[in-house]
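Notes for the one structure printed next.
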Amino acid sequence: MASDTTSQQNTIAKGTVITGDIISEGDFRIEGTIQGNIKTPGKVVIGKTGVINGTLKSANADIEGKFTGKLLLTDTLSLKSSAHVEGEVMVGKLAVEPGANFNATCSMKGAMKDIKNGNPTAQQSTQRPEKR
């Protein structure tokens with residue numbers, strides 16, 4: 001039965017507003033609005049009418065709608081031409097169609113490893129005043 005739940009797709013319909021955190025093993029298609037955090041090991045698709053304000057942690061995401069917040073993906077972020085993304089983005093791969101609005105700080109997968117290890121590059125920059 002566990003394989004059945006991971007193959008199903010959760011859908012948040014247009015006109016639906018959810019406030020709070022969502023944790024799921026399945027994929028998501030969002031046409032409504034989510035004010036909160038989503039965590040899934042699968043794929044999240046934000047449709048043209050979809051809006052997320054919060055943190056999204058997943059493997060893959062396709063965005064046609066609006067996302068504001070922190071986006072943490074282990075694999076690929078695909079931005080369609082109608083996408084509007086603002087905030088902080090950490091991904092393995094990034095695909096952007098012409099016309100997409102991408103106003104975010106973006107780190108690729110290699111940088112995520114540095115952050116988990118205490119970001120040694122930031123520590124080096126704090127040692128510069130000692131060179132006097």
Side-chain angles (χ1 to χ4, degrees):
M1 292 184 105
S3 63
D4 291 340
T5 57
T6 55
S7 65
Q8 293 179 354
Q9 184 178 38
N10 298 295
T11 302
I12 310 298
K14 182 179 178 181
T16 301
V17 178
I18 295 177
T19 303
D21 297 345
I22 299 172
I23 299 173
S24 176
E25 292 296 318
D27 297 343
F28 272 92
R29 178 160 188 93
I30 298 163
E31 295 291 346
T33 301
I34 296 180
Q35 301 281 343
N37 306 317
I38 299 174
K39 183 178 180 182
T40 179
K43 181 176 184 176
V44 175
V45 176
I46 302 174
K48 286 188 178 182
T49 60
V51 177
I52 295 179
N53 292 314
T55 299
L56 171 59
K57 293 182 183 180
S58 69
N60 297 294
D62 289 352
I63 300 178
E64 296 178 75
K66 294 183 181 180
F67 178 87
T68 305
K70 195 171 192 177
L71 186 56
L72 306 168
L73 303 178
T74 56
D75 199 8
T76 305
L77 170 61
S78 178
L79 300 177
K80 305 300 180 189
S81 60
S82 58
H84 183 88
V85 175
E86 292 185 13
E88 183 179 345
V89 176
M90 292 185 187
V91 296
K93 298 174 197 160
L94 177 64
V96 182
E97 287 185 0
N101 186 341
F102 186 71
N103 187 15
T105 58
C106 183
S107 300
M108 300 304 277
K109 198 172 207 175
M112 288 178 69
K113 292 178 184 175
D114 292 341
I115 291 170
K116 290 178 184 174
N117 292 332
N119 198 358
T121 55
Q123 292 172 355
Q124 290 173 357
S125 65
T126 58
Q127 295 174 358
R128 287 182 186 164
E130 295 175 12
K131 294 180 182 179
R132 294 180 190 170

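Nothing fancy with the numbering, it's 1 onward along the sequence.
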hydrophobic_cluster_shared for V45 and F102, side chain cutoff 4.5 Å
no
Given L79, V85, L77, the one that forms side-chain contact (heavy atoms from CB on, under 4.5 Å) with V96:
L79
Just wondering, do K43 and D62 contact through their side chains at under 4.5 Å, heavy atoms?
yes
Show your working on side-chain hydrogen bond (donor to acceptor under 3.5 Å, both in side chains) between T68 and E86 and close with a plain yes or no.
CA-CA 5 Å; T68 305; E86 292 185 13; 4.9 Å; no
Smallest heavy-atom separation, G92 atom then M108 atom, equals O-CE, 3.4 Å
Main chain of S81, side chain of E97: is a donor-acceptor contact present, judged purely on distance under 3.5 Å?
yes
With a 4.5 Å limit on heavy-atom distance, are the side chains of F28 and I22 in contact?
yes
Rounded distance [0.5 Å steps], NZ in K70 versus CD in E88
4.5 Å
What is the distance from atom NZ of K66 to atom NZ of K48, rounded to the nearest 0.5 Å?
13.5 Å
Taking every heavy atom of L73 against every heavy atom of A59, the minimum-distance pair comes out as CB-O, 3.7 Å
Nearest-0.5 Å distance, CG of residue L56 to CG of residue L72:
8.0 Å
Co-membership, hydrophobic cluster, residues V51 and V44, 4.5 Å side-chain:
no
For the residue pair A104 and V89, what are the closest heavy atoms and their distance?
CB-CG2, 3.8 Å
Rounded at 0.5 Å granularity, tell me how far NE2 in H84 sits from CG in N103.
7.0 Å
Nearest 0.5 Å please: distance from the CG atom of N37 over to the CG atom of D21.
4.0 Å
Do any N or O atoms from the side chain of T40 and from the backbone of S58 form a donor-acceptor pair under 3.5 angstrom?
no
So, T49 versus E31: side-chain donor-acceptor pair below 3.5 Å or not?
yes
Can you list every pair that meets salt bridge (Lys or Arg N to Asp or Glu O under 4.0 Å) and has a residue in residues 71-85, with sequence neighbours left out?
D75-K93
Quick check: is I52 connected to I12 through a chain of hydrophobic side chains (ILVMFWY, heavy atoms under 4.5 Å apart)?
yes
Kindly indicate whether the side chain of I63, heavy atoms from C-beta on, has any atom under 4.5 Å from the side chain of L71.
yes
Rounding to 0.5 Å, atoms CD (E64) and CZ (R29) come to a distance of 6.0 Å
